[in-house]
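Here's the structure we're looking at; comments come further down.
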Amino acid sequence: MKKVLVVGGVAGGASAAARIRRLDEKAQIIMFERGPHVSFSNCSLPYYLGGMVESKEKLVLMTPESFQTKYNIEARVNQEVVRIHREEKTLEVKNLETNEVYKESYDVLILSPGASPIVPPFEGVDLSHVFTVRNVVDIDRLHQFVNKPHVEKVAVIGGGFIGVEVAENLREAGKEVTLVEHSPQIMAPFDEDMAQILHKEMLDHGVRLIVGDGLKKITEHSIELNSGKQVEAQAVVLAIGVKPEVALAKEAGLEIGELGGIKVNANYQTSDPSIYAVGDAIEVYHRLTRRPTRLALAGPAVRQARAAADHIYGHKQENKGVIGSSVVKIFDLNCAVTGLNERAAKEANIQYDSVYIIAPDKVGIMPDSHPLHFKLIFEVPTGRILGAQAIGKGNADKRIDVIATLVTLGGTLEDLKELELAYSPIYSTARDVVNIAALVGLNILHDDYKQVHVSEVRGLVEQGATFIDVREKNEFERGHLVNAINIPLSELRERVDEIPRDKPVYLHCRSGQRSYNAVKMLQNLGFANVYNVSGSFLGISLYEYFKDVTTGRDKIVTDYNFK
């Protein structure tokens, strides 16, 4: 009879234990969890703050009793594994309720210790109104504290997934929330141009957003930032990031990877073949950059758990690496991403280009049709799809799942162009935004026309470049680039002599479709100096909006028009 010990529960450990039971009815399986809950929905924790999850009990998915009755798995909670004795194949375990220390032998050991919140040594981090979010106990403590009558203002430090979700849910609960992010943008998986949409959404829903400024110290009633800015706060949530829990593995002499996670092979074995590791504590292979990475996501963790369990019992499995797909709700927006963004592609020295599309998520006459902002990253010259980002009120996750599938299968722009997707006016458009992005990408790849990105527009405006706005006059009057010339597409053929041929001319409309038609028209009339602005006026406005309203710099847009 094989004896398998699992350190840590939740997604990785609990999934591995359950899979082992399905493979071997006779195995003795024991899970150790130092907290009181061996299986809970950690991704749902912030939603308890906003009331979407009604009680802390609903966060707990499985109890030790249910593991025992359903799977014949012994789950020992409030018991911390403090040492691995590899030579004798035993664990040293401390019962946190009795302080008893005992040993447990194993044939196979699976480590799933997860990752812990990063808490830098700021002054004041040990104050009683400072919190981190990792488990049910943490979120319950925070929930109880912020619901005290004197707590009205909360500062959230960190603009990643946890920070954004905590900020949103605290705001939904009626708190005055300030979100502080040291980097120039929140949500690092998104490119800067897309992140501005997220910034605006936070501001529009009453979250005070401070980016490009970090935490310096915490006092009883406020926080102080590196800039010297003071922010009143009766509660502070640190969501700066997480670090892999590797102390146990390191003390046991297991190899640690270059990024600080436990190093594993293709079968999730550590440097000791009797010990496997899965989840947030390990380093994994990124199939696009071909480098080690860390990915603290539940989906990869459960797949790793299954693969490790299968390998223990000799079942073949194929490790193709990760690509990093995720989705987050930020108030009214669904925000999804997969694969590489521009920054990651540059760091990996991959030659790439991108297209930014703003198209309806369903047929425009449908009452709940909304714009979907979609950015596609592709390799040059192969057209291989590297990643995508989607933001909108509709099904952004559906579009990103399509791209994630193509990235996994090594798909190209040509594959995406021909992809046959389900269509009904209430769900999508006959040519979905992902198909449109492929067509635009192929036009750029094959040099059928030239484009500039919204991030390049300010520099061109400040240099006095020629911009032609092909929207109708009433649209132009509601807001436009400061030096743009309004020649509506409907008048362009009659006014073509007004367009210079001896210098670059940049055309835009609201979303890029009309200006694309204008560019093609002018090309057919012999113009070789015309460019389409990717993302067009809506993209420009969103890109410039946050920076203009927070930095006080000169505006290049007379008035923002997001409708």
Side-chain angles (χ1 to χ4, degrees), residues 8 10-13 15-16 19 108-115 160-161 188-189 241-246 249-250 254-312 314-327 336-352 377-379 382 384-389 400-401 403-412:
V10 199
S15 296
R19 176 60 176 169
V108 178
L109 174 62
I110 300 177
L111 300 178
S112 182
F161 285 95
V242 296
K243 57 184 178 181
E245 288 266 17
V246 299
K250 187 180 291 187
L254 299 178
E255 188 173 354
I256 304 301
E258 60 187 82
L259 301 178
I262 301 171
K263 188 171 183 178
V264 295
N265 64 16
N267 301 306
Y268 303 102
Q269 287 173 298
T270 67
S271 51
D272 183 330
S274 296
I275 303 176
Y276 293 72
V278 299
D280 298 355
I282 72 170
E283 291 184 9
V284 290
Y285 174 78
H286 198 295
R287 64 182 301 144
L288 294 172
T289 66
R290 299 179 180 178
R291 297 175 182 171
T293 189
R294 285 171 28 213
L295 195 64
L297 294 172
V302 297
R303 291 196 299 276
Q304 295 157 15
R306 182 185 177 94
D310 283 355
H311 186 260
I312 292 169
H315 291 255
K316 184 180 179 181
Q317 57 89 28
E318 190 174 358
N319 187 340
K320 294 185 177 181
V322 300
I323 60 173
S325 302
S326 56
V327 62
V337 62
T338 190
L340 303 182
N341 58 19
E342 288 197 66
R343 182 177 58 258
K346 288 176 184 175
E347 290 173 354
N349 294 317
I350 298 174
Q351 188 175 351
Y352 74 94
I377 316 291
F378 56 91
E379 187 177 50
T382 66
R384 179 172 65 115
I385 295 171
L386 300 174
Q389 301 154 49
I400 290 303
D401 286 343
I403 302 302
T405 303
L406 281 170
V407 170
T408 301
L409 297 175
T412 66

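From a predicted model like this one, the values you see are computed outputs, not experimental measurements. In this chain, residues are counted from 1 in sequence order.
Expressed to the nearest 0.5 Å, how far CZ of R287 lies from OG1 of T293 amounts to 14.0 Å. In this structure, CD1 in I275 is found 11.0 Å from CD1 in I110, a value given to the nearest 0.5 Å. With rounding to the nearest 0.5 Å, the separation of CG in D401 from OG1 in T338 is 8.0 Å. Atoms CD1 and CD, on I256 and E283 in that order, are 8.5 Å from each other to the nearest 0.5 Å. Atom-to-atom distance recorded for L340:CG and L288:CG is 4.5 Å, nearest 0.5 angstrom. Here the OG atom belonging to S15 is positioned 11.5 Å from the CZ atom belonging to R303, to the nearest 0.5 angstrom.
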Under the side chain to side chain contact (heavy atoms under 4.5 Å, CB included) criterion, do D272 and L109 qualify, and how do the steps go? CA-CA 10 Å; D272 183 330; L109 174 62; over 6 Å; no
So L297 and V322, side chain to side chain contact (heavy atoms under 4.5 Å, CB included) or not? Walk me through it. CA-CA 11 Å; L297 294 172; V322 300; over 6 Å; no
Would you please test L386 and V407 for side chain to side chain contact (heavy atoms under 4.5 Å, CB included) and show each step? CA-CA 6 Å; L386 300 174; V407 170; over 6 Å; no
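Looking at D280 and E245, their side chains never come closer than 4.5 Å, going by heavy atoms from C-beta outward. R290 places a side-chain heavy atom less than 4.5 Å from the side chain of Y285.
A pairwise comparison of heavy atoms in N341 and A188 identifies ND2-O, 3.2 Å as the closest pair. When every heavy atom of A277 is checked against every heavy atom of T270, the shortest pair comes out as CB-CG2, 3.8 Å. Between I400 and A336, the shortest heavy-atom contact is CG1-CB, 3.4 Å. Closest non-hydrogen pair, I403 versus A388, comes out as CG2-CB, 3.7 Å. For S112 against G13, the heavy-atom pair with the smallest separation is OG-N, 3.1 Å. For the pair L295 and P300, the tightest heavy-atom approach, listed with the atom from each and the gap, is CD2-CG, 3.6 Å.
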Under 3.5 Å, sequence neighbours excluded: what are the donor-acceptor pairs made by side chains of residues 258-268?
| unit_1 | atom_1 | unit_2 | atom_2 | d |
| --- | --- | --- | --- | --- |
| K263 | NZ | E255 | OE2 | 3.4 |
| N265 | OD1 | N267 | N | 2.8 |
| N265 | OD1 | Y268 | N | 3.1 |
| N265 | OD1 | Q269 | N | 2.9 |
| N265 | ND2 | Q269 | OE1 | 3.1 |
| N267 | OD1 | Q317 | NE2 | 2.8 |
| N267 | ND2 | H311 | NE2 | 3.2 |
| Y268 | OH | N319 | ND2 | 3.2 |

